[in-house]
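Worksheet for the structure shown next.
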There are 2 protein chains.
Amino acid sequence: MAVTTRRADAQRNIAAILTAAAECLSRDPAASTSEIAKAAGVGRVTLYGHFPSRAELVDAVFVQAIATGDETLGQVDLTGDPRDALTRLIESSWHLVDQYRALLLAAQDALPPGRMRELHADPMARVERLLERGRSENVFRTDLPTTWLVSVMHNVMHGAASEIQAGRITSAQAAPYITATLLAAFAPPKPE
Amino acid sequence: MAVTTRRADAQRNIAAILTAAAECLSRDPAASTSEIAKAAGVGRVTLYGHFPSRAELVDAVFVQAIATGDETLGQVDLTGDPRDALTRLIESSWHLVDQYRALLLAAQDALPPGRMRELHADPMARVERLLERGRSENVFRTDLPTTWLVSVMHNVMHGAASEIQAGRITSAQAAPYITATLLAAFAPPKPE
DNA sequence: GGTAACTCGTACACTGGTGTTCGACAAGAG
DNA sequence: CTCTTGTCGAACACCAGTGTACGAGTTACC
């Protein structure tokens with residue numbers, strides 16, 4: 001974008017808008033630009049001066065969230081027994097999902113279809129790589145496509161987030177539930 | 001509802017609106033009352049004459065869908081090995097989910113929170129009963145709450161519906177994937 | 001201190017839906 | 001055949017949000 005020389009206060013405002021948007025959208029996925037601007041201590045016009053539309057703002061917020069999230073995920077030790085590695089990865093991923101759930105909903109109906117998946121490419125590749133390794137070591141099942149397993153992981157986590165929001169389970173219970181469920185779902189089918 | 005004496009054409013129109021709404025909402029969860037009225041071959045005013053608000057219309061459509069769906073589910077044989085019974089139940093449920101997915105999204109943001117769950121009570125009880133039986137026969141795991149297992153089933157199915165919509169799997173593949181995943185997830189943990 | 005970049009509030013146009021009102025007209029029930 | 005019930009279209013008020021235009025004021029930069 002050739003950010004040649006933004007004035008200092010402009011940069012400060014952009015940052016403020018970004019973090020305010022993250023907060024507001026996490027509280028209410030349908031938060032309006034007015035709310036966000038107010039929360040950022042900035043006029044609505046200023047907001048539109050930096051982000052041409054609400055959609056692009058949401059996109060920017062989401063990009064940032066993915067970036068920091070993916071960085072966290074990058075620090076997870078994925079070596080050793082794939083089952084243990086997956087447990088660690090789930091733990092970390094779950095925290096992120098739990099945290100960014102509402103933001104994700106916001107992105108879902110503000111961004112063009114496919115954009116979400118595009119942005120999730122890196123974290124998804126991480127999971128896929130681990131699953132592939134587990135498959136080659138015969139500790140994960142190979143009778144279902146890897147992409148399906150990734151999808152299951154994704155949906156179980158988001159389902160857990162819904163359960164929490166509905167008050168049926170607590171955030172603390174969720175992680176072990178998810179882990180227990182997915183490890184069983186991903187194990188090779190019994191020889192029977 | 002004290003349907004004392006509706007005139008015949010009124011009843012016909014109500015039915016037409018209901019089925020038209022089901023169609024429209026299945027195509028586009030955000031379908032407007034104008035679209036629905038037009039599809040029903042009825043004036044918008046007539047629609048409002050029978051349903052006080054869009055929300056109540058969506059509710060009525062949803063109630064109807066649940067009723068017919070639950071009837072279908074009632075015909076599934078749930079006796080014998082719980083794993084086989086679950087397979088059959090998944091098969092039937094999956095068809096319904098696949099069919100009514102968009103309608104469900106419509107209900108999600110037109111109905112007050114909790115209403116959906118309320119309407120899902122019967123089909124959910126059906127699943128729970130089967131799971132409980134399987135648990136008592138030691139073919140389903142007991143280390144996780146039944147409600148959690150129900151939630152997993154729910155989310156895996158809806159995840160599959162998303163995958164189909166995104167064109168990543170086909171409707172035919174979905175059922176066996178779901179079954180294979182859930183049977184593994186619900187089995188008792190290995191003694192190890 | 002001059003200048004360009006930036007911000008602010010108010011106001012406005014536009015959009016797309018919801019729900020209501022009106023009066024004229026059609027159709028079913030008895 | 002009449003009267004009630006229902007229907008129709010067009011028009012309207014309303015709402016909430018998005019994005020734009022203007023002009024005056026402020027702030028950073030050199």
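We name chains A, B, ... by the order of the sequence lines, and we start the count at 1 in each one.
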Chi angles and distances behind the side chain to side chain contact (heavy atoms under 4.5 Å, CB included) call for B:R88, B:L130: CA-CA 11 Å; B:R88 289 190 291 270; B:L130 174 57; over 6 Å; no
Residue list, salt bridge (charged side-chain N to carboxylate O under 4.0 Å, His left out) with B:R133, at least two apart or on another chain: B:E137
With the criterion being N/O to N/O and under 3.5 Å, what pairs connect the protein with nucleotides 3-8 of chain C, and how long is each?
| unit_1 | atom_1 | unit_2 | atom_2 | d |
| --- | --- | --- | --- | --- |
| C:dA5 | N3 | A:R7 | NH1 | 2.2 |
| C:dC6 | OP1 | A:R7 | N | 3.4 |
| C:dT7 | OP1 | A:N13 | ND2 | 2.5 |
| C:dT7 | OP1 | A:H50 | NE2 | 3.4 |
| C:dT7 | OP2 | A:H50 | NE2 | 3.0 |
| C:dC8 | OP2 | A:G43 | N | 3.0 |
| C:dC8 | OP2 | A:T46 | OG1 | 2.3 |

B:H120, NE2: over 12 other non-hydrogen atoms inside 6.0 angstrom: yes
Dot-bracket pairing map - DNA chain C, Watson-Crick plus G-U, both contacts under 3.5 Å, | cross-strand: ||||||||||||||||||||||||||||||
Donor-acceptor under 3.5 Å (A:D70 side chain, A:I66 main chain): no
Short side-chain N/O contact to D:dT27 OP1/OP2 from A:R12, under 4.0 Å: no
Interface residues of residues 102-110 of chain A with DNA chain D (non-hydrogen, below 4.0 angstrom): none
Touch class at under 4.0 angstrom, heavy-atom based, for B:S34 against every strand present: nothing
Qualifying salt bridge (charged side-chain N to carboxylate O under 4.0 Å, His left out) pairs with a residue from residues 158-178 of chain B, counting only residues at least two apart or across chains: B:E163-B:R168
From CA spacing to verdict: side chain to side chain contact (heavy atoms under 4.5 Å, CB included), A:V61, A:T19: CA-CA 8 Å; A:V61 172; A:T19 65; over 6 Å; no
Side-chain donor/acceptor of A:R54 to backbone N/O of A:S32, under 3.5 Å: no
Side chain proximity check, B:R126 to B:L78, heavy atoms < 4.5 angstrom: yes
Interface residues of residues 19-32 of chain B with DNA chain D (non-hydrogen, below 4.0 angstrom): none
B:E118 atom CD, over 12 foreign heavy atoms within 6.0 Å: yes
Flag for A:D98-A:S171: side-chain donor and acceptor within less than 3.5 Å: yes
